[in-house]
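Data block below; observations after.
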Protein chains: 2
Amino acid sequence: MKPKLTLKQIARELDVSVSTVSKALRDSVEISEETRVKIKAFAKLYNYKPNNIALSLKNRKTRTIGIVLPEIVHDFFATVIGGIEEVANKHGYNVIICVSNNSFDKEVMNMEMLANGSTDGFILSVAKETQQKEDYHHLTEVISQGMPIVLFDRVVDQIVCDKVIIDDTEGAKKAVQHLLDIGCSKVGIVTTVDYVSVGKLRTEGYIEALRENGMEVNNDLILKIEDMDHSDEEIMNFINTTDLDGVFAVNEQFSTSAIKALYKKGIKVPEDVKVVSFSDGELSRRFLPSLTTINQHGTEIGARAAEMLIERLEDQNSNGKMFRTEMIKTSLIERESTKCKKISSSYI
Amino acid sequence: MKPKLTLKQIARELDVSVSTVSKALRDSVEISEETRVKIKAFAKLYNYKPNNIALSLKNRKTRTIGIVLPEIVHDFFATVIGGIEEVANKHGYNVIICVSNNSFDKEVMNMEMLANGSTDGFILSVAKETQQKEDYHHLTEVISQGMPIVLFDRVVDQIVCDKVIIDDTEGAKKAVQHLLDIGCSKVGIVTTVDYVSVGKLRTEGYIEALRENGMEVNNDLILKIEDMDHSDEEIMNFINTTDLDGVFAVNEQFSTSAIKALYKKGIKVPEDVKVVSFSDGELSRRFLPSLTTINQHGTEIGARAAEMLIERLEDQNSNGKMFRTEMIKTSLIERESTKCKKISSSYI
DNA sequence: TTGTACGCGTTATCAC
DNA sequence: GTGATAACGCGTACAA
């Protein structure tokens, strides 16, 4: 076992001073050709790499981005991480990921841990519990210490910082519009209760789409899941008691539950009822029938968040810069769950 | 903006020396009750937290674990991360995650970056490309510097370190045995080519199970996917030309493709053909029919890996300790894809 | 009881 | 052209 090589060791070995070694390795003109070559050769031979920790301490920069997420076993967040990673690495930044498991306490703990010197800034999506509590002191704290934050997905209006959000309302409108376009007239929605911000926005999009098409909103066609642990039962009950020819569900879980309930009732998708889902993940692609979805472009969201954060980190006088909220557009991906043979010919 | 509080600032403010502050905060008996209380009150009031970077430099310990994974958009790896996270946090460790995207170069880069002081040790699953190249110099390098590594899932026999692996062969046997138990006599397997270590082991399990049940192995019932990008076509072709009443597929992707192909052929699952899949993820749970699976217990794998690593990190004289390879048992989770009403009564 | 000095690994500055 | 010194923030052995 050979412990990591340091400047000091090189200096001792080559019988020069530490600062000479440091300068030589950084190609300083102060150092003579001869010694520079000698030192660099030695360093290369023994594979010298500067110690990041020491550099961080000296520069008061870690070149590390802290990511705090509600969960990770989730296609959307996983793709967002991918986007962040890519941009971060391209700029020579590292990434620390912490998971709050939707717990307020764990979110606070994670942020405090990372804020004590481990990272230069944060990219985060707040935990569900935090959103309910409406306690954001850990965010304001970090910001007041001069560390920039970029919020994404579940953003908090009260917090003043950069944000990357999905145009949920517009995405929902797209979904519903598609159902209407292919001939549905009784479109239901499976969504969340209103305190989940994205659920609320998607519900609004659903309503807007109907209104813009001159249709009236029937509350019987709206299911707001109260208890996520029993969403299957709620959906089953809803499907059994509601007459529909189109369903828009705000996530893959609800979509597949709805299809399952429809099948149990003897109703076929897409023949009898069309389905569009928010969130495009593995499940949508591989389900039978494969799901038409609203793609949230997680990679792009992560990439933009990372770009915004790094920009602020590298800009000396970023304090003056306005905070921006970037809206990422969704897109509709058509698959089997909205295939409709009957009228497809009329489209050709 | 108030920059982070340091010991020095507290000292200046309270007109004592830095070391007095340091000692007081660490409840040293050297410091008088009076000054101790005063300093602690001040620190608490202004929310003093020691700087992790400085501590890391001083202690030559980061209390951070580096995780390097081939990919992250994958239920299995996501659950493993969850397991690691939980154990790590419990022991006061942080976690840095890097993704190699199955690229050898990126894996090497990530490891070098983290090895330069950012982490105390590694938990990693090697990239596919690395496995093909059989170039593991970055692993030996890190180990020779005294940083412990725990390999999991895709492990490397040549590397001497702690390992956590799944009993792939035994898992495959369980899957096939289940199919045989419920009455299948023509069980096919959809697997990978042999150079993917886990694929090979699972294929061996399939063969062993058949042999132990006195059945002969028919190569026509074995499909080894050559090209992952065209697995769907290969599976479709296989299903169409093969007479089966049971299918064991080595991952969720293959399983769902197989079911899709069966449906297209007019064959029903589970009525006509039963299906068991390796890997228990969201897809298996929500698919129609839901899939009977071999659960790899990702959380447990991550937890064990983290425990092994931390144990070695905290043990002063861990050099002498033998390296262990821990085998995590899989378990069968029965769902709809192997439901069989006919003989279920005989089981009661 | 409190303060001084030193070291962790690095770089910037200034002196020689 | 080279080297000594200070500093980043912290903890601790030792001195006062």
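Naming: A, B, ... by sequence-line order, numbering from 1 per chain.
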Interatomic distance where CZ belongs to B/R63 and P belongs to D/dC10 [whole Å]: 18 Å
Below 4.0 Å: OP1/OP2 of C/dT2 and any side-chain N or O of B/T35: yes
Nearest to side-chain heavy atoms of A/L57, which nucleotide of C/dT10, D/dC8, D/dC10: D/dC8
Which nucleotide in C/dG3, D/dC10, D/dG3 has an atom nearest any side-chain atom of A/V16: D/dG3
Pairs satisfying salt bridge (charged side-chain N to carboxylate O under 4.0 Å, His left out), at least one member in residues 110-127 of chain B, at least two apart: A/K49-B/E112
Geometric class of the B/F104/B/H138 ring pair [parallel <30°, tilted 30-60°, perpendicular >60°]: perpendicular
Nearest-Å distance for atom pair CG/P, residues A/D15 and D/dG3: 8 Å
Among A/L124, A/V142, A/I96, side chain to side chain contact (heavy atoms under 4.5 Å, CB included) partner for A/L114: A/I96
Side-chain N,O (B/R60) to OP1/OP2 (C/dG9) below 4.0 Å: yes
B/S/- contact track for nucleotides 11-16 of chain C, protein heavy atom under 4.0 Å: BBBB--
Interatomic distance where CD1 belongs to B/I10 and P belongs to D/dG11 [whole Å]: 11 Å
Integer-rounded Å distance: C/dG9 P and A/L25 CG: 16 Å
Helix axis bend for the helix from C/dT1-D/dA16 to C/dC16-D/dG1 - C1'-based end axes, five pairs, 10° rounding: 70°
d(NZ, A/K4; P, C/dC8) in whole Å: 17 Å
Protein-nucleotide distance (B/K49, atom NZ; D/dC10, atom C1'), rounded to Å: 17 Å
Euclidean distance, atom CD1 of residue A/I31 to atom P of D/dG3 [Å, nearest integer]: 8 Å
Identified side-chain hydrogen bond (donor to acceptor under 3.5 Å, both in side chains) partner of B/D135 from the options B/H137, B/Q131, B/Q132: B/H137
N or O in side chain of B/K8 less than 4.0 angstrom from D/dC8 OP1/OP2: yes
Distance (rounded to the nearest 0.5 Å) between A/I72 CD1 and B/I72 CD1: 4.0 Å
Presence of B/S17 side-chain N/O under 4.0 Å of C/dG3 phosphate oxygens OP1/OP2: yes
Parallel, tilted or perpendicular: ring planes of B/H74 versus B/F77, cut at 30 and 60 degrees: perpendicular
Residues B/R324 and B/E311 bridged, charged N to O under 4.0 Å: yes
Distance-only donor-acceptor check, side chains A/N47 and B/E141, under 3.5 Å: yes
First encountered from the 5' end of DNA chain C, between B/V29 and A/T6: B/V29
Side-chain ion pair, B/E85 and A/K106, N-O less than 4.0 Å: yes
Distance, rounded to the nearest Å, where A/I53 contributes CD1 and C/dC8 contributes P: 16 Å
NZ/NE/NH1/NH2 to OD/OE distance under 4.0 Å, A/E30 and A/R36: no
Phosphate-side-chain proximity, A/S32 and D/dT2, N/O vs OP1/OP2 below 4.0 Å: yes
